[in-house]
Amino acid sequence: MIGKKLPEEGPRIGKIVESKKIEAESENRVPDVSLKQIVKDIFFQPRVLVVDDEERIQKACQRLLVEEGCEVDVAQNGIQGLKMIEERHYDIVLLDLMMPGMSGLDVLSDLKSRHPDTVVIIITGYATLEHSIETMKKGAFDFLSKPFAPQELRIVISKAIEFIRTLQDITTEKSRMRVMINTLRDGVLTTDHQKRIALANPACLKMLRCHKQSVLGNLVSDVFDEPTVLGMIDTAIAQPKEMFSEITEEVCVSMGKGNEDLIIGVRCIPFRDRLNRNLGTVTVFHDITALKKEDQLKSDFVSMVAHEIKSPLNSVLMQLNVVLDGLAGELSEKQKEILNRSSAKIKSLTELATELLDLSKIESGLINQEREELNLEELIKEHVSLYRSEADEKSIHLIGKPSEKDLFIMGNRINIEEVLTNLISNAIRYTPPGGKIEVWADEASDCIRIHVEDNGLGIPADALENIFERFYRVKNEKTRYINGTGLGLAIVKSIVESHHGTIHVDSVEDQGAQFTISLPKTVYKI
Ligand code: ADP
């Protein structure tokens, strides 16, 4: 028993003589805590200061805590205690409330205002509810009411050490994160839900050309003037609970006279609490200038090669046609057959060159500049009738299904026609005779969709993820005799993406394929 002379009560500090027996008894009542083990597990030796005017308590606490591996000092009163705390740091202070001179409460207030990290445990002989509330309000961590058993002291100290350890872990983690984020080459910007900056690493400030020393707590719009980024943060914050999507954009930042512009890939995403409420945003900036340049070079090269190949191919084709038409003399059947085969090969080479040119034009953003309002049902109708005879030749039932209402998108006519051409001609080529193809448009909550569905060969599951890559073709017995360049779907994807849309394919091999394009809603007419 510590704290009071109560001979008949036994196991409490304050009745040191009987402490062994006392501990044994008390340990029947309070859980066993190995403070020694806890102290051993942590990386520091906890420094404890006992501030109490009763010598018995000072001694008993000091002896017990030293035995448990703590470093312990004692102070006779509040003034001495505060002086010692000023001179060296204590992790834990055991503080008596009732002392002559400065009261424990005053010591607590003074101590907490200057050393908020120090954990204070109040020792009191008369812990009333009011007292407890008052000391807790002033920042006390826990209570020990006199008299107390050694094991109670151990428990309270071990709780305090756990608390200090958790705080240290958080501080260490924070410091590790700070170093990581500050050394990242990508920019990172986080805001709270009021769009105030909570973090902006040096890379972010550099990319967005911000020279301010301190930006934390400021509104993003007061610090950065990049409208796309501000718009993305607005959109992310405004996302309703049931929606959670990453917003991605490419931003071109002018780096001033004589410096090359930066092209930055920006991704913005909201972060949420347990109830799915938006707490703020995280935006990541990745410098893609070099990548873009490389892509442009590749595109230019492909376009140059394709262009250079196309004209000689056309002239070879024309000359072959002259010979085939018999204008250069009579041809034998064998010669005709060979020339027809050569002509077919040259046609598919010309087609490849045309598609390569298209792709490089789309990728360099050349052909989708002009946008107009397009009525999807009309476009679908036109294309279905354009391909009707080709489908009929294979006995394929090609249907353009009407939409429930007129659906409009803002798009480049030539591009969107190319999308329909590619998807419908693919469906015809990869559907065996007797099959069925349906084309229609509909409206989802946040987009307009175009669907092209067939019940043909379908696409093997392992090929689905590659289907939109340039030059990728499914190679198997069934597709062996179907000609193609492997560029059609890559063109479709580039066009759809340049219209801020997405393309998706669903397919089961031998059962068919359904391509779905989702485009942003722009104009909607009843
Ligand atoms: P290709 O010129 O080879 O048709 P695409 O890029 O248009 O090139 O298509 C890539 C591959 O995707 C094709 O080779 C084919 O294997 C597969 N594919 C495309 N559309 C369909 C479809 N409707 N049904 C089954 N497979 C398809």
Side-chain angles (χ1 to χ4, degrees), residues 299 302 306 309-310 313 344-363 380 383-384 386-388 390-401 414-441 449-498 501-518:
S299 227
V302 169
I309 286 176
K310 226 179 135 180
L313 280 179
K345 286 277 176 223
I346 287 174
K347 268 187 198 146
S348 59
L349 263 179
T350 318
E351 201 178 302
L352 175 68
T354 310
E355 293 198 337
L356 276 174
L357 266 175
D358 280 356
L359 194 62
S360 53
K361 273 188 205 156
I362 294 162
E363 285 180 347
I380 290 175
H383 281 74
V384 164
L386 211 69
Y387 278 94
R388 173 91 55 219
E390 201 176 318
D392 285 348
E393 263 174 44
K394 272 185 86 178
S395 310
I396 289 173
H397 192 29
L398 174 62
I399 310 161
K401 288 202 293 191
I414 299 170
N415 283 188
I416 300 296
E417 283 182 351
E418 186 148 9
V419 166
L420 285 171
T421 303
N422 268 303
L423 293 183
I424 299 175
S425 70
N426 272 358
I428 295 175
R429 281 187 302 139
Y430 298 103
T431 299
K436 180 173 156 189
I437 299 167
E438 289 183 312
V439 188
W440 75 100
R449 297 180 302 200
I450 303 172
H451 308 264
V452 180
E453 184 177 353
D454 64 61
N455 62 355
L457 302 181
I459 299 157
D462 59 353
L464 278 173
E465 60 177 299
N466 306 315
I467 211 83
F468 298 105
E469 279 171 21
R470 291 177 221 180
F471 303 110
Y472 184 85
R473 305 201 66 216
V474 175
K475 287 192 181 119
N476 57 32
E477 260 315 296
K478 286 171 252 164
T479 58
R480 212 174 138 186
Y481 298 103
I482 305 173
N483 282 331
T485 58
L487 283 174
L489 289 180
I491 291 177
V492 169
K493 187 165 183 258
S494 293
I495 293 178
V496 170
E497 284 176 353
S498 70
T502 54
I503 178 159
H504 174 78
V505 60
D506 275 315
S507 178
V508 176
E509 199 174 1
D510 295 326
Q511 289 186 23
Q514 177 173 354
F515 287 86
T516 307
I517 287 168
S518 306

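As the structure lists them, so they are numbered: ligands from 1, and atoms in each ligand from 1. Because the structure is a prediction, the values reported are computed rather than measured. By convention here, the first residue in the shown sequence is residue 1.
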In the protein, which heavy atom is nearest to [atom], and how far is it?
| atom | result |
| --- | --- |
| atom 4 (O) of ligand 1 | Arg429 NH2, 2.7 Å |
| atom 12 (O) of ligand 1 | Ile467 CD1, 3.1 Å |
| atom 2 (O) of ligand 1 | Thr485 N, 2.9 Å |
| atom 3 (O) of ligand 1 | Arg473 NE, 2.5 Å |
| atom 23 (N) of ligand 1 | Asp454 OD2, 2.9 Å |
| atom 7 (O) of ligand 1 | Asn426 ND2, 2.8 Å |
| atom 5 (P) of ligand 1 | Leu489 N, 3.6 Å |
| atom 15 (C) of ligand 1 | Tyr430 CZ, 3.4 Å |

Please determine if Val474 has a nitrogen or oxygen closer than 3.5 Å to a nitrogen or oxygen of ligand 1. yes
Compute the shortest N/O to N/O distance between Gly488 and ligand 1 and return yes if it is under 3.5 Å, no if not. yes
So, 4.0 Å and heavy atoms of Asn422: is ligand 1 close enough to count as a contact? no
So is Gly456 close enough to ligand 1, meaning a heavy atom under 4.0 angstrom away? no
Straight-line distance of Ile459 CD1 to Ile467 CD1, nearest 0.5 Å: 4.0 Å
If we ignore hydrogens and angles and just use 3.5 Å, is the side chain of [X] paired with the main-chain N or O of [Y] as donor and acceptor?
| X | Y | value |
| --- | --- | --- |
| Asp506 | Gln514 | no |
| Arg470 | Leu356 | no |
| Asp454 | Ala513 | yes |

Relative to the heavy atoms of [X], which atoms of ligand 1 are at a distance of less than 4.0 Å?
| X | answer |
| --- | --- |
| Gly484 | 2 (O), 3 (O) |
| Leu487 | 6 (O), 8 (O) |
| Ile459 | 25 (C), 26 (N), 27 (C) |

Is there side-chain contact between Leu386 and Ile424, with at least one heavy-atom pair below 4.5 Å? no
Min over Tyr472, Phe515, Phe471 of heavy-atom distance to atom 10 (C) of ligand 1 lands on Tyr472
Lys/Arg-Asp/Glu bridge criterion (N-O < 4.0 Å) met for Glu509, Lys478: yes
Salt bridge between Glu390 and Lys394, side-chain N to carboxylate O under 4.0 Å? no
So for atom NZ, which belongs to Lys345, do other residues, nucleotides or ligands contribute more than 12 heavy atoms lying within a distance under 6.0 Å? no
Please collect all ring-ring contact (aromatic ring centres under 6.0 Å, His included) contacts where either partner lies in residues 450-469, sequence neighbours excluded, each pair once. Trp440-His451
State which residues pass side-chain contact (heavy atoms from CB on, under 4.5 Å) with Asn422; sequence neighbours excluded, sorted by chain then number. Glu355, Glu418, Ile491, Val492
